[in-house]
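Contents: one structure, followed by commentary.
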Number of protein chains: 2
Amino acid sequence: MRRTGSASRPSARAGNTRQALVDAAVDVLRHEGFAAATARTVAGRAGCNQGLVFYYFGSVVDLLLAALDEVSEQRRRRYEEALAGVGGLGDLVDLAARIFAEDLESGDAALLVEMIAGATSTPGLGVAVKARLVPWAQFAAAALEPISSRSALAGLAGAGEIAHATVALYLGLELLSHLDGDTAPALALFERARRLAPLADMAGLWTGKDQTSPTTTEEK
Amino acid sequence: MRRTGSASRPSARAGNTRQALVDAAVDVLRHEGFAAATARTVAGRAGCNQGLVFYYFGSVVDLLLAALDEVSEQRRRRYEEALAGVGGLGDLVDLAARIFAEDLESGDAALLVEMIAGATSTPGLGVAVKARLVPWAQFAAAALEPISSRSALAGLAGAGEIAHATVALYLGLELLSHLDGDTAPALALFERARRLAPLADMAGLWTGKDQTSPTTTEEK
DNA sequence: GTCTATACTTGGATAGAC
DNA sequence: GTCTATCCAAGTATAGAC
């Protein structure tokens with residue numbers, strides 16, 4: 001097998017140190033948190049020298065933002081893919097439950113929360129993180145659109161409001177779950193929602209693509 | 001005016017350095033975040049020497065926990081006082097909106113979130129914070145009790161589940177608000193809830209102290 | 001109780017050899 | 001591109017003077 005030029009141990013990186021650093025940063029943020037995500041720790045996990053963090057990213061914060069970008073992009077793709085198959089409130093709750101469980105398990109949700117909370121003590125990080133949060137809010141708004149703008153609830157609450165609340169709930173549940181590693185309460189909540197979804201579905205909370213009022217029996 | 005014994009500047013502390021340190025820690029956690037809450041920063045704000053943190057609290061973390069205790073106790077008292085006057089869903093939403101706006105404004109919610117998120121990178125802090133979170137969850141459960149156990153929703157979801165979700169939403173909204181200092185979305189959400197409350201009230205979501213079901217007038 | 005001084009550690013960032 | 005070496009700043013914690 002081919003070795004990289006220098007004599008350093010090949011470790012976890014196959015010729016792409018920059019990517020190895022991003023991956024390592026993701027890993028550290030996920031499991032050790034923002035405060036532990038130092039240049040030395042991350043570089044150590046990537047199997048390379050600490051100075052390379054600055055060579056590639058200029059600063060630690062920029063590396064962490066790159067890590068956030070990485071998972072955000074992955075998640076966004078997966079979410080939108082999954083959303084395509086949703087045809088009712090039951091489906092949507094199933095999807096939300098699955099997504100949340102995955103993000104909780106993988107630590108992706110934790111990473112996001114750490115970056116948000118860490119932004120408080122790093123000037124300028126707040127706006128950068130917020131910009132990267134926009135896609136998540138948009139995804140939530142899109143997913144909830146059949147409820148917020150075409151259902152029986154339409155007009156009672158704005159789509160943006162519902163999306164904001166949903167993202168907040170997602171983050172808050174992660175925060176609590178991560179506190180003691182107990183994901184049971186959050187998962188139970190989604191399980192409950194899953195069981196309640198059919199009821200709400202029948203009550204007219206979800207409407208199909210082109211159905212605006214229950215008066216016409218055109219095509220379903 | 002009386003001066004304290006030594007020649008140091010009287011600053012913000014009137015003879016009680018320990019309390020001044022706690023207050024300063026509260027202040028720093030509120031506005032600068034967990035990562036900025038170092039012995040030097042806090043002691044500086046308290047107007048005393050950095051070494052006194054260790055003299056009084058043994059470690060920085062223990063000082064921060066004392067700060068968390070301080071605000072938790074204050075909040076708990078205020079909440080329970082306010083809860084006494086609640087007589088319907090409308091009242092409850094008003095109370096929640098007011099409490100949340102206050103906690104957002106004062107930074108108390110931010111302090112809690114910072115401690116939770118910071119716990120990730122400090123071994124042992126997680127359980128300590130969780131223990132201090134129990135009263136908040138209990139308060140939420142008590143406040144929501146008329147909805148979760150005696151209303152039309154009773155049986156659909158457990159009281160613990162609803163309380164957990166409520167606390168999570170509270171924390172998540174703070175997280176988002178603090179990100180860019182924009183509290184508008186969160187406040188708009190509560191404003192919306194406030195307007196919707198009367199509707200839900202009429203729909204039977206709230207029941208009085210001794211009303212258990214519309215069929216029997218016996219006591220439960 | 002409070003301060004000064006200091007030991008020790010860790011982290012961000014740069015310079016320069018290879 | 002990667003490493004070693006190093007500088008400097010900041011943090012925790014302790015010792016000891018007052």
> What orientation do A:Tyr79 and A:Phe139 show, parallel under 30°, tilted 30 to 60°, or perpendicular over 60°?
Replying inline: tilted

> Once each nucleotide of nucleotides 10-17 of chain C is scored for protein heavy atoms under 4.0 Å, what B/S/- sequence comes out, 5' to 3'?
Replying inline: -BBBB---

> In whole angstrom, what separates B:Glu32's CD from D:dA10's P?
Replying inline: 15 Å

>> Under a 3.5 Å cutoff, is there a donor and acceptor pairing between the side chains of B:Thr120 and A:Glu32?
In response: no

> Got a sec, which residues hit ring-ring contact (aromatic ring centres under 6.0 Å, His included) with A:Phe34, two or more places apart in sequence or on another chain?
Replying inline: none

>> Measure CG/A:Leu52 against P/D:dT2 and give the value in whole Å, please.
In response: 6 Å

>> Considering every strand and a 4.0 Å limit on heavy-atom distances, what is the contact class for A:Phe57: base, sugar-phosphate, or nothing?
In response: nothing

> How would you list, by chain and number, every residue that makes a side chain to side chain contact (heavy atoms under 4.5 Å, CB included) with B:Phe54, sequence neighbours excluded?
Replying inline: B:Ala39, B:Gln50, B:Val60

>> Side chains of B:Arg30 and B:Ser106, heavy atoms from C-beta outward: is any pair under 4.5 Å?
In response: yes

